[in-house]
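Report on one structure; see the data block that follows.
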Amino acid sequence: MVVPRHWGVCAVLLAMLVPGCNPSPVPYADEVAAWRATKDRFMRESPESPIPAEQRGQFAPLTYFLANPEYRVPAALKLTPGNQVIQMSTSTGQKRQMRRVGSLDFTLKGQSYTLTAFVDATENDMRHLFVPFGDLTNGSETYQGGRFLDLDRTATGIYDLDFNRAYHPFCLYNPTYDCPIPPRENRLTTPIRAGEKLSAQGH
């Protein structure tokens with residue numbers, strides 16, 4: 001079944017998967033481990049999982065780089081003026097209208113970078129930001145089509161950019177999914193060895 005408007009974690013699970021949803025403070029490594037365990041349960045058990053139903057019983061846990069706080073950095077959102085809509089290519093060869101919300105400026109390992117945050121132009125839901133990105137691990141350690149981050153909007157314009165929560169698009173697990181491909185402006189010129197990575201089986 002093709003799900004044309006899906007690019008990542010099911011909205012039903014967002015409250016379970018996004019940072020800061022647990023009111024009890026826990027060590028960062030434990031927080032990330034719990035987030036990943038929830039994602040595994042979703043992939044294995046949810047009817048919304050991209051894993052075909054007949055394969056879920058054999059589903060192996062997703063593979064990740066070791067959680068590294070160095071890849072969790074603050075980012076400042078600079079809003080994009082006007083109404084800038086781009087045609088973002090997808091994994092099935094289609095085009096999706098995505099609106100630029102702004103640029104996220106951050107520093108990683110002493111170097112400055114920028115990623116553009118988007119929303120779906122047809123839905124215009126400004127509560128959540130979609131940040132697709134590519135990096136120098138794509139095609140070897142991570143999916144060649146890049147990875148995604150989801151961010152909840154903040155009133156301050158400061159965001160917790162946590163690459164330990166970067167995830168592969170669902171089209172990696174099921175080619176019937178239509179997943180955006182990160183545009184050129186979101187291709188980082190550094191390896192991001194954090195978040196989800198390819199397993200020995202290529203997933």
Side-chain angles (χ1 to χ4, degrees), residues 2-15 17-21 50 71-139 142-172 177-196:
V2 176
V3 183
R5 291 294 173 190
H6 185 88
W7 54 60
V9 178
C10 176
V12 175
L13 288 187
L14 275 176
L17 293 174
V18 295
C21 292
Y71 283 99
R72 183 185 190 185
V73 297
L77 180 68
K78 180 180 179 182
L79 295 176
T80 299
N83 182 26
Q84 297 186 19
V85 175
I86 71 168
Q87 302 295 319
M88 194 177 292
S89 299
T90 72
S91 57
T92 62
Q94 301 182 54
K95 298 288 185 180
R96 187 173 302 180
Q97 294 187 62
M98 302 296 292
R99 188 187 314 281
R100 288 189 179 98
V101 176
S103 57
L104 290 160
D105 298 325
F106 62 98
T107 300
L108 183 66
K109 296 185 176 182
Q111 297 295 316
S112 297
Y113 299 99
T114 297
L115 287 173
T116 302
F118 298 90
V119 295
D120 190 318
T122 62
E123 297 178 3
N124 203 30
D125 182 351
M126 302 295 288
R127 296 172 298 174
H128 309 290
L129 301 181
F130 174 56
V131 186
F133 72 94
D135 67 273
L136 297 185
T137 68
N138 296 161
T142 61
Y143 177 52
Q144 62 182 3
R147 291 177 292 169
F148 301 158
L149 288 169
D150 295 320
L151 302 174
D152 286 338
R153 289 297 299 271
T154 71
T156 63
I158 303 300
Y159 289 81
D160 180 11
L161 197 62
D162 190 353
F163 289 102
N164 292 291
R165 299 175 188 270
Y167 63 93
H168 284 140
F170 281 3
C171 52
L172 173 62
Y177 281 76
D178 178 45
C179 302
I181 297 172
R184 185 181 300 275
E185 65 200 83
N186 275 17
R187 297 281 173 173
L188 298 174
T189 57
T190 187
I192 302 294
R193 293 190 171 92
E196 192 174 345

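Remember, it's a predicted structure, so these values are computed and weren't measured experimentally.
In terms of the side-chain hydrogen bond (donor to acceptor under 3.5 Å, both in side chains) criterion, residue partners of Thr90 (sequence neighbours excluded) are, by chain and number, Thr92, Asp178. By the side chain to side chain contact (heavy atoms under 4.5 Å, CB included) test, Gln144 is found to be paired with no residue, residues two or more places apart in sequence or in another chain being considered. Under the side-chain hydrogen bond (donor to acceptor under 3.5 Å, both in side chains) criterion, Arg193 pairs with Glu141, not counting sequence neighbours. Applying the side chain to side chain contact (heavy atoms under 4.5 Å, CB included) criterion to Asn138, with sequence neighbours excluded, gives Asp135, Thr142, Arg187. Every residue two or more places apart in sequence or in another chain that forms a side chain to side chain contact (heavy atoms under 4.5 Å, CB included) with Leu136 is listed here: Pro191. With sequence neighbours excluded, no residue forms a ring-ring contact (aromatic ring centres under 6.0 Å, His included) with Tyr159. In this structure, the side-chain hydrogen bond (donor to acceptor under 3.5 Å, both in side chains) partners of Arg127, at least two apart in sequence or on a different chain, are Asp125. Residues satisfying the side-chain hydrogen bond (donor to acceptor under 3.5 Å, both in side chains) test with Tyr143, not counting sequence neighbours, are none.
Of all heavy-atom pairs between Thr116 and Pro132, the closest is O-CD, 4.5 Å. The shortest heavy-atom contact between Gly146 and Pro169 is O-CD, 3.4 Å. When every heavy atom of Thr80 is checked against every heavy atom of Gly102, the shortest pair comes out as OG1-CA, 3.2 Å. In this structure, Arg153 and Met126 approach most closely via the heavy-atom pair CG-O, 2.5 Å. Gln97 approaches Asp120 most closely through the heavy-atom pair O-OD1, 3.6 Å. Here the shortest heavy-atom pairing between Ala166 and Arg147 reads CB-NH1, 4.2 Å.
Residues Leu129 and Leu77 meet the side-chain proximity criterion, which asks for heavy atoms closer than 4.5 Å.
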All N/O donor-acceptor pairs, side-chain side in residues 104-114, below 3.5 Å, sequence neighbours left out:
residue : atom : partner : partner atom : Å
Asp105  : OD1  : Thr114  : OG1          : 2.8
Lys109  : NZ   : Tyr71   : OH           : 2.9

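Taken from CZ in Arg96 to OG in Ser89, the straight-line distance is 11.0 Å, to the nearest 0.5 Å.
Counting only residues at least two apart or in different chains, ring-ring contact (aromatic ring centres under 6.0 Å, His included) contacts with residues 78-101 are absent.
Evaluated for a ring-ring contact (aromatic ring centres under 6.0 Å, His included) with Phe148, the options Phe130, Phe163, Phe118 yield exactly one hit, Phe130.
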Open item on the list: Evaluate Leu161 against Leu151 for side-chain contact (heavy atoms from CB on, under 4.5 Å), listing each step before the verdict.
Closed with: CA-CA 8 Å; Leu161 197 62; Leu151 302 174; 4.1 Å; yes

TODO: Let me see the working for Val131 and Asp150 under side-chain contact (heavy atoms from CB on, under 4.5 Å), right down to the final yes or no.
DONE: CA-CA 6 Å; Val131 186; Asp150 295 320; over 6 Å; no

